[in-house]
Amino acid sequence: MQERYEPAAVERAAQAFWDQNRVFEAREDASEGNKFYCLSMFPYPSGRLHMGHVRNYTIGDVLTRFHKMQGKAVLQPMGWDAFGLPAENAAMKNGVPPAKWTRENIAYMKGQMKSLGLAFDWSREIATCDPSYYRWNQWMFLRMLEKGIAYRRTGVVNWDPVDQTVLANEQVIDGRGWRTGALIEKREIPMYYLAITKYAEELLADLDKLPEWPERVKTMQANWIGKSEGCEISFPYAPDTRALMGADGALKVFTTRADTLFGVTFMAIAAEHPIAVAAGAKNPALQAFIDECRRGSTMEADIATQEKKGMRTGLSVLHPFTGQSVEVWVANYVLMAYGEGAVMGVPGHDERDYEFALKNKLSIVQVVKSKTGAYENLDPPWRDAFSEYGLTMNSGEFDGLEYRAAVDAIARALEKKGLGRKRTQWRLRDWGISRQRYWGCPVPMIHCGKCGEVPVPDKDLPVVLPEGLVPDGSGNPLNKTPSFYECKCPKCGADARRETDTMDTFVDSSWYFLRFACPDADTMVDERANYWMPVDQYIGGIEHAILHLLYSRFWTKVMRDLGLVKNDEPFKNLLTQGMVLHDIYYREPAPGRRDFYNPADVEVLRDEKGQRTGAILLKDNQPVTWDGLGTMSKSKNNGVDPTDLIGTFGADTARMFMMFTAPPEQTLEWSEEGVQGSFRFIRRLWKAVYDQVNAPPPADSLTINEFDKRQLNAEQKALRRIAHHTLEKVTDDIGRRRSFNTAVAAVMELLNAVGKFDSKPLYGRVVAHEALEIAVMCLSPVIPHVTHELWHQLGHETALIHEQWWKPDPEALVQDHIEISVQVNGKMRARVGVPADATQEVAITAAKADANVQKFMEGKPVKKAIYVPGKLVNIVV
RNA sequence: GCCCCGGUGGCGGAACUGGUAGACGCAACGGACUUAAAAUCCGUCGGUCGCAAGGCCAUGCCGGUUCGAUUCCGGCCCGGGGCACCA
């Protein structure tokens with residue numbers, strides 16, 4: 001064995017062993033309930049791995065290796081979310097087809113992953129841009145079409161002017177494109193939708209079936225689905241409205257506050273509402289206002305802060321109970337896309353309506369009073385709307401009711417009149433999946449002049465995307481490729497045009513985890529999907545809390561309803577890993593200009609206590625400004641390249657640092673010193689094994705197998721106890737708590753104990769050997785390469801990854817003598833030694849005997865004495 | 001505005017079910033080795049009083065429950081994230 005730890009050679013050898021023996025190829029050979037499907041969110045092949053990827057995959061790898069050693073059948077696959085816009089942008093810049101760029105990136109990133117020693121089953125690799133994968137997107141789309149879940153509709157969409165495409169609501173953040181940050185415009189375009197709203201109720205209810213998901217992810221999904229229970233109420237047209245709309249009818253609204261129905265003093269409708277459109281056609285001033293509203297609403301970011309504006313339509317409707325006429329206003333704060341695109345204006349009890357009424361000098365009526373007496377009777381002018389629940393007043397026959405009772409009574413009465421009913425309203429909208437982009441999965445539809453929309457027959461799947469095209473920024477190149485879009489109508493045989501829109505890439509990622517179970521199946525999925533599903537552990541970024549995770553849940557449920565899979569939910573356990581942050585340093589050579597310096601080139605200055613006082617650039621010893629921590633990025637020049645890191649320290653050090661420095665869900669603060677520390681530890685471990693293996697043999701010639709635990713001295717028993725306790729803790733920390741940082745810390749403590757231990761005597765040597773074996777095994781999920789080598793050095797023929805994870809020896813954990821803490825009146829006063837099986841009396845007597853304890857008891861009578869077995873005694877005087 | 005998460009040494013963090021607050025690591029300081037530096041090894045390391053034994057204070061702030069609270073409850077302050085004219 002070499003004395004020096006040299007990561008490169010060790011890692012190459014371990015990786016070669018795993019490869020040659022196909023150690024991580026998953027097999028469906030475990031008994032029921034003894035499989036472990038571990039999945040990290042597959043990456044977009046952007047070119048190179050970043051540290052966020054490395055952290056993500058290392059977490060998954062630790063769990064995979066641990067569960068494999070528990071004797072489970074494990075599946076940890078990897079693939080590529082390979083369609084998407086960056087490939088098109090790169091194509092425009094370099095003139096390279098997206099397919100070529102993407103496949104080259106995949107090759108490079110796969111090499112990086114291999115150098116990290118990740119236990120992926122590469123025989124199941126998937127790239128979503130392969131026709132063998134996306135044909136099933138298309139096949140599934142056709143099934144959804146048959147079921148009425150997929151449909152085509154012209155609607156107002158979010159248009160990203162930079163990427164020249166439509167975005168789903170989920171992809172619009174603060175009125176800007178999630179990728180480009182460009183302000184989103186509204187456009188009317190025909191596109192395909194998936195009716196995720198049909199599953200809204202189940203998507204919400206089944207969050208309860210996911211106890212092992214982070215609470216905040218579930219809350220975010222619940223808010224996004226946005227269930228609201230209320231009433232739909234019809235306000236019949238007054239004669240003027242009837243005349244304009246050309247028929248009898250009613251203005252429908254949705255409200256959660258039917259109890260305030262008698263407080264209605266106006267109606268507010270969206271600019272796009274049919275009544276507004278009709279009224280605008282006859283009233284130029286109103287039309288101008290409507291146009292203004294629609295222009296304004298192109299920028300959703302401003303909507304929230306916009307001032308409440310409105311204009312009379314000059315029309316009115318009738319109150320469903322009083323029959324009184326109520327004016328209809330067009331208002332800029334009413335959204336066409338939610339509810340009925342119209343609201344009843346109750347300024348007394350809704351803040352927005354209040355603000356609107358004040359501005360437009362509309363009357364305010366109080367119809368709810370507080371149960372506690374406040375807001376008993378409010379005289380105008382009110383300072384505020386009273387929007388809490390209370391008791392109804394000024395509401396005719398419905399007076400004096402509490403919220404729920406009032407809503408029930410009013411809903412019943414409305415139903416009798418045929419003017420309303422209880423109803424649930426959802427915030428969730430259907431998922432628009434059409435994208436006017438080239439590098440995506442073609443939507444399998446054909447447009448025929450005679451037959452209209454015709455699905456591509458199953459036998460013609462896949463509709464293959466031509467791979468050689470290079471987008472030039474002027475829209476979708478498929479529109480300029482007759483060989484793609486020219487086709488015959490499958491129904492009538494006439495010349496027809498193929499749909500050139502492609503699918504949202506979130507479609508690709510909505511079911512890839514199912515395909516990993518059976519990547520070579522000649523159907524979309526086969527029985528193996530039911531074997532592996534659900535994913536036992538899913539790991540990825542919190543940024544997918546809504547989008548990807550909601551779509552995947554939806555898609556799984558649709559597949560279940562089509563009889564393709566059995567599970568209701570795809571991901572049993574979800575871990576959202578934190579971001580990787582690094583220091584940011586800059587200088588400002590000119591006002592407004594900042595030059596950023598890589599932290600590797602900067603030295604931090606500290607005072608005697610170790611507090612940072614400043615930083616200098618190593619190159620010129622001149623100060624640089626510290627700008628806090630931020631995610632690693634090119635623009636801030638604070639990135640660390642995984643390949644460079646592995647080259648310097650090895651993959652094990654990189655993995656160790658990430659697992660040890662912070663809990664997986666929290667942000668990780670990168671530090672060069674911390675990386676050094678991890679490297680130092682691995683070197684110490686290596687040295688400890690080296691010293692053990694190379695120590696001169698003891699005079700006595702017993703072998704390990706003959707060692708008799710009863711002959712150990714106190715020191716040896718103590719180390720044995722620490723070692724087995726460490727094994728117990730690490731097993732629990734990785735297996736149950738997913739607390740990798742404390743698992744690593746526990747092994748560090750063990751190694752510290754071995755360092756102080758006298759391993760010269762025979763039994764000392766035997767115990768130290770066992771302690772090192774435990775340390776090596778416990779760390780093997782985290783630093784698999786070096787432990788692979790050290791395991792052999794410790795005398796084992798079997799490769800460590802093929803070992804069964806050890807169980808702690810109960811005999812080693814037994815202590816005959818323990819130390820307990822003694823408190824007097826709840827304050828720590830002493831520690832005393834007692835036999836491990838001490839009774840309450842024995843422990844308390846021992847505690848009282850301590851000099852310091854006596855000092856604080858001062859001979860006062862003992863009121864009470866509490867004994868927590870094995871831990872402490874508290875004497876209350 | 002609503003919802004969620006968090007606040008512990010110079011720093012990252014530990015304390016899992018209410019039971020020794022600060023494990024482990026980083027930084028810093030002192031020492032050994034060395035011609036020297038690096039590496040390595042040993043020691044110190046929340047504040048404060050004390051020669052020491054030991055005491056007092058301390059987990060954002062205020063209060064409560066308890067023999068005992070970083071942990072549970074109520075109220076506040078601060079930081080981060082999500083949602084946001086959703087009727």
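Throughout, protein chains are lettered first and strands after them, A, B, ... in sequence-line order, and every chain is numbered starting at 1.
Contact annotation for A/Arg4: no contact, since no heavy-atom pair falls under 4.0 Å across all strands. Nucleic acid contact class of A/Phe856 (heavy atoms, under 4.0 Å, all strands): sugar-phosphate only. Nucleic acid contact for A/Thr255: sugar-phosphate only, since backbone atoms but no base atoms lie under 4.0 Å from a heavy atom of the residue. Looking at heavy-atom distances under 4.0 Å, A/Val253 makes no contact with the nucleic acid at all.
Across the protein-nucleic acid pair, A/Ile866 atom CD1 and B/G19 atom C1' stand 10 Å apart, rounded to whole Å. A/Lys855 places its NZ atom 6 Å from the P atom of B/G55, with the value rounded to the nearest Å. Rounded to a whole Å, the CH2 atom of A/Trp224 is 7 Å from the P atom of B/C83.
Comparing B/A39, B/C56, B/G25 by their closest approach to the side chain of A/Arg683 singles out B/A39. Taking the side chain of A/Asn874 as heavy atoms from C-beta on, and the options B/G54, B/G19, B/C85, the nearest nucleotide is B/G19. For A/Thr661, the side-chain atoms get nearest to B/G12 when compared with the rest of B/G25, B/A87, B/G12. For A/Arg829, taking side-chain heavy atoms from C-beta onward, the closest of the listed nucleotides B/G19, B/G55, B/A87 is B/G55. The A/Arg737 side chain lies nearest to B/C16 when the options are B/G55, B/U20, B/C16. Closest to the side chain of A/Lys864, out of B/C24, B/A84, B/C67, is B/C67.
Between the side chain of A/Gln823 and the base of B/G19, at least one donor-acceptor pair of N or O atoms lies under 3.5 Å. The base of B/C83 has none of its N or O atoms less than 3.5 Å from a complementary donor or acceptor on the side chain of A/Arg427. For a distance-only test at 3.5 Å, the side chain of A/Asn223 fails to qualify as a donor-acceptor partner of the base of B/C83.
B/G6 is paired with B/C78 under the Watson-Crick or G-U wobble criterion, all donor-acceptor distances under 3.5 Å.
Straight-line distance between the C1' atoms of B/G75 and B/A15: roughly 27 Å, to the nearest whole Å.
Between A/Leu414 and A/Arg421 there is no side-chain heavy-atom pair separated by less than 4.5 Å.
Taking the ring centre of A/Phe856 as origin, the terminal cationic atom of A/Arg829 falls inside the region bounded by 6.0 Å and 45° from the ring axis. The side-chain tip of A/Lys308 does not point at the ring of A/Phe356 from less than 6.0 angstrom away and within 45° of straight on.
Among the candidates A/Phe679, A/Trp670, A/Phe649, the single residue satisfying the ring pair (Phe, Tyr, Trp, His ring centres under 6.0 Å) test with A/Phe657 is A/Trp670.
Using a 4.0 Å cut-off between charged nitrogen and carboxylate oxygen, A/Lys227 and A/Glu201 count as a salt-bridge pair.
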